[in-house]
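Contents: one structure, followed by commentary.
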Amino acid sequence: MLLLENLNPEQLAAVTLPDQSALILAGAGSGKTRVLTTRIAWLIQTGRVSPNGILAVTFTNKAAREMLTRISAMLPINVRGMWIGTFHGLCNRLLRAHYRDAGLAQHFQILDSQDQQAVVKRVLKAMNVDEDRFPAREAQYFINAEKEEGRRAKDIEIADEISRRYAEIYAAYDEQCQREGVVDFAELLLRTHELLSRNEILREHYRSRFRYILVDEFQDTNRLQYRWLKLLAGEDSVVFAVGDDDQSIYRFRGANVGNMAEFERDFRVENVIRLEQNYRSHGNILAAANALIAHNRRRLGKNLWTAAGQGEPVRVYEAQSDEQEARWITEEAQALKREGLRLSDIAILYRSNAQSRVIEHALFSSGLPYRVYGGLRFFERLEIKHALAYLRLAANPDDDGAFLRVANFPARGIGARSLEALQDAAKLAGASLYRAAAGLSGKAGAAVGGFVRLVDALRAETQGLPLPETVEVMLERSGLVAHYRSQRDGADRVENLNELVNAAAAFVQEEDEKDLAAFLSHAALESGENQAAEGADALQLMTVHSAKGLEFHAVFITGLEEGLFPHEQSVMEEDGLEEERRLMYVAITRARTRLYLSHAQTRMLHGQTRYNVASRFFDEIPGAVLKRLTPRLERGRLEDVAWAPEPKKVSASRAPDHGFRIGQSVLHPKFGQGVIVNAEGSGTDARLQINFGKQGMKWLALEYARLTAA
DNA sequence: AATCCGTCTATTTTT
DNA sequence: TAGACGGATT
């Protein structure tokens, strides 16, 4: 069969598995997506199932789109019948279809994290909660965590005053959302789960429809998502779960790798297939990755191999400072460019976003084009949020969040006092702001009344209009475009607002949907491109997390220092170090042919200079695959975190006369390798504070300590 | 209603 | 260092 050509034996076995649930351990670069999509195509082509019987779940819209495109390329069928999407997207689809059974408003809106936080804040204020003791951030986290455990406010075990209060906040928050007809991300999943558990007819309907369920990135599923799958699959569906425990890097947002083991048990998995042949990286790179990840204890076990040769060694660079590291990256990238490499095939990775600044600075000075991933995305921009708020009010006037956002934007004389009066009235009546507005009198009533009429007019005028025109009318009538046009630096925002019209047009065309509510949920569920894609060939700067799933010819992993990578906060956490190591594993396996690892002795962090020791990950990679580009500064192995406290400034007027400087590596006959982190005194009084890593931090008198420069 | 200023904080991120 | 936020000021 044409479909199955060029699959390796393991891939073939996975694709053609008989009707039993299976777990596919797919290593980095092992052709995971290919297996997933070919499996679907094979199921359909061999007549095991019609497209209608397929449910495929992914984590990102990007992955879902990719799957869809690949399948349509393989099969001459209409892919519309298949349900392929993210957990949230699929839940949204289900809830829209059964909103009444789910107890939701017909045009319920979806809150993104920002919106959710705003609702939480409003609830806290209305409850008169002390926001120092119960910060909105914490409350939001609490609510989401509880929802992900499948618990409602009433299910929470009250242990103390604090948990009692949080449970109350949770309850009030849910009531508020219900009143407004809005739903947060976790709610989409929980609501669907509750709907299907409660409603046997619906449950059986979907169970018998989706005979084949496929899950991508299974290691990233959280508890609720897993329960959701179990509920939907029932006894008879065949679940094909693809994942890689070694690439589980999202524990902090609820991902539960344990789901993999649980899946094996719950679904009586007899087939665990390992895809270990890597088609991406050269031998040395894989050797580094394998050796590193072998240091983790909790693994399902897997070893990548490649038919390609050893390739180049992994290059290691030690810089004096973060700035020098950045300059070196720039030079090296320029050299690669001269060799003919496309800049977009070079990635510069870091553990945390703050690290990008120095690098950007160096790149900017050198004139090398680059693109930074992360940051604000299209639908998260303020002007877009404002525009969407008008649309949301047109679709669902009870959306208080949207109401508050734009009632006085652009300014129309509705001040804080008017809004407070309105909120009081709404609270008293147990109604939304929009509905309470009618009962408001006086000056406030007049101004608010004007806004309500605007919303009504907007709804009336856009009735029956095509979506893009609805957006256009809204932009004009709301006064948003006029407002930004009059601002000196509003040009970009006006441009973005116009872009929203295009987004609506694209949505109508691609999704074959013309409903405003559908467009709004699309906006919430798919927050859009991370940054306008610049056509120019540019270096790719991103965190290791966002590099997952990507590959590059050359990869720089920067800031490989204790405290940074592995991050100091993770080292304290249970299992934190193992996750950092998986993160490093993900970073390494992004590279096809060239890999650079770099670290700096000195780094500016939070406005203070820190003296960092090289990451322990260097010690976990065999020296044979490494090639040092800088003179070797061998240092003690670090089992625990070690970094410098704040150094005292050595004033220039009393420059030390002993020749040692802060940040320098030294050798001590008893304590071994260390880094000077502080110094005081001079001459025979000179004392140095040295970080000996595992041996600890010591103050030594220079006169007696037999120190040598390392 | 807009702006200024001091305080606080500071992994990782998708939906 | 630098951004976000809340409170106070103009």
Side-chain angles (χ1 to χ4, degrees), chain A residues 57-64 85-93 110-117 121 125 131-132 135-137 141 144 147-148 183-190 192 216-217 220-222 224-225 228 248-255 322-323 349-358 361 373-377 379-380 382 408-419 487 521-528 530 542-549 559 563-573 576 579-580 582-584 586-587 603-610:
Chain A
V57 201
T58 62
F59 269 85
T60 64
N61 293 298
K62 197 177 154 201
T86 62
F87 279 101
H88 296 87
L90 296 169
C91 286
N92 180 46
R93 194 165 170 177
I110 299 170
L111 302 176
D112 67 16
S113 312
Q114 271 180 50
D115 300 335
Q116 185 189 30
Q117 170 121 116
K121 276 189 179 158
K125 207 155 275 166
E131 290 198 50
D132 286 329
R137 250 186 60 95
Y141 178 85
N144 288 335
K147 287 190 178 183
E148 279 172 17
V183 161
D184 62 54
F185 287 135
E187 184 72 25
L188 285 171
L189 282 149
L190 182 53
T192 309
D216 191 16
E217 305 280 17
D220 287 339
T221 50
N222 67 30
L224 183 53
Q225 286 160 338
W228 186 97
S248 159
I249 55 173
Y250 285 115
R251 205 180 48 134
F252 70 91
R253 67 175 197 213
D322 48 351
E323 286 173 335
L349 309 183
Y350 32 80
R351 173 69 236 268
S352 61
N353 287 302
Q355 288 166 249
S356 77
R357 263 196 40 245
V358 209
H361 184 78
Y373 286 76
L376 263 201
R377 293 181 312 177
F379 288 109
E380 292 166 357
L382 198 62
N408 198 36
F409 193 95
R412 48 177 74 89
I414 304 178
R417 268 191 310 280
S418 306
L419 285 177
Q487 296 225 313
S521 47
H522 165 83
L525 289 174
E526 172 147 22
S527 23
N530 241 328
M542 63 189 89
T543 63
V544 178
H545 280 93
S546 27
K548 185 165 166 230
L564 250 190
F565 198 1
H567 199 278
E568 55 194 311
Q569 310 241 41
S570 300
V571 179
M572 327 281 276
E573 292 167 25
E579 178 137 324
E580 293 287 307
R582 290 193 290 268
L583 199 50
M584 180 65 182
V586 167
R603 183 175 298 273
M604 192 64 114
L605 196 66
H606 306 330
Q608 240 140 21
T609 308
R610 288 182 32 157

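Computed from a prediction, not measured in an experiment: that's the story for all the values here. Per chain, numbering begins at 1; letters A, B, ... match sequence-line order.
- Using a cut-off of 4.0 Å between Lys/Arg side-chain N and Asp/Glu carboxylate O, Lys548(A) and Asp220(A) are scored as salt-bridged.
- Taking side-chain N and O atoms only, Asn61(A) has no distance below 4.0 Å to OP1 or OP2 of dT14(B).
- For Ser113(A) and dT13(B), a side-chain-to-base donor-acceptor distance below 3.5 Å is absent, hydrogens and geometry of angles not being considered.
- Nucleic acid contact class of Asn408(A) (heavy atoms, under 4.0 Å, all strands): sugar-phosphate only.
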| message | Could you walk me through whether Phe565(A) and Leu583(A) satisfy the side chain to side chain contact (heavy atoms under 4.5 Å, CB included) test, starting with their C-alpha distance in whole Å, then the side-chain angles of each, then the deciding distance to 0.1 Å, before giving a yes or no? | response | CA-CA 9 Å; Phe565(A) 198 1; Leu583(A) 199 50; 4.1 Å; yes
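- With hydrogens and angles left out, the side-chain atoms of Gln355(A) and Ser352(A) include a donor and acceptor closer than 3.5 Å.
- If you take OH of Tyr373(A) and C1' of dT14(B), they are 17 Å apart, rounded to a whole angstrom.
- Contact annotation for Glu580(A): base contact, defined as any heavy-atom pair under 4.0 Å involving a base atom.
- Separating the NZ atom of Lys62(A) from the C1' atom of dT14(B) is a distance of 12 Å, rounded to the nearest angstrom.
- Counting to the nearest Å, the P atom of dT14(B) and the OH atom of Tyr141(A) are 18 Å from each other.
- Here Ser546(A) does not reach the OP1 or OP2 of dT12(B): none of its side-chain N or O atoms lies under 4.0 Å away.
- For Arg137(A), the CZ atom is loosely surrounded, since the number of other residues' heavy atoms within 6.0 Å does not exceed 12.
- A tilted orientation is assigned to the rings of Tyr250(A) and His545(A), their planes being inclined by 30° to 60°.
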What nitrogen or oxygen pairs link the protein and nucleotides 1-5 of chain C at under 3.5 Å?
from   : atom 1 : to        : atom 2 : distance (Å)
dT1(C) : O3'    : Arg357(A) : NH2    : 3.3
dA2(C) : OP1    : Arg357(A) : NH2    : 2.7

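- Between the C1' atom of dA10(B) and the CZ atom of Arg610(A) lies a distance of 11 Å, rounded to the nearest Å.
- Residue Asn144(A) places no side-chain N or O under 4.0 Å from the OP1 or OP2 atom of dT15(B).
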| task | Check step by step if salt bridge (Lys or Arg N to Asp or Glu O under 4.0 Å) holds for Arg351(A) and Glu580(A). | result | CA-CA 9 Å; Arg351(A) 173 69 236 268; Glu580(A) 293 287 307; 2.5 Å; yes
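- Rounding to whole angstrom units, CD of residue Gln225(A) and C1' of dT15(B) are separated by 9 Å.
- For the OP1/OP2 pair of dT13(B) and a distance below 4.0 Å, the side-chain nitrogens and oxygens of Arg351(A) include no atom meeting the criterion.
- Ile110(A) and Ala524(A) make their closest contact through O-CB, 3.6 Å (heavy atoms, listed as atom of the first residue, atom of the second, distance).
- Thr86(A) is not listed as a side-chain neighbour of Leu525(A), based on a closest heavy-atom distance of 4.5 Å or more.
- Stacking of the aromatic ring of Phe252(A) onto the base of dT12(B) is found: the ring centres lie under 5.5 Å apart and the planes are inclined by under 30°.
- We find that CD1 of Ile110(A) is positioned 12 Å from P of dT15(B), with the value rounded to whole Å.
- Each of Asn353(A) and Ala524(A) was assigned the nucleotide of DNA chain B with the nearest heavy atom; the assignment lying further toward the 5' end belongs to Asn353(A).
- Among the protein residues, Phe87(A) comes within range of no part of the nucleic acid, since none of its heavy atoms lies under 4.0 Å from any strand.
- The distance from atom CG of Asp184(A) to atom C1' of dT15(B) is 11 Å, rounded to the nearest whole Å.
- Residue Asn92(A) places no side-chain N or O under 4.0 Å from the OP1 or OP2 atom of dT15(B).
- Toward the 5' end of DNA chain B, the nearer of the two residues Gly89(A) and Gly415(A), judged by each one's closest nucleotide, is Gly415(A).
- Per the geometry, CD1 belonging to Ile249(A) stands 13 Å off P belonging to dT12(B), to the nearest Å.
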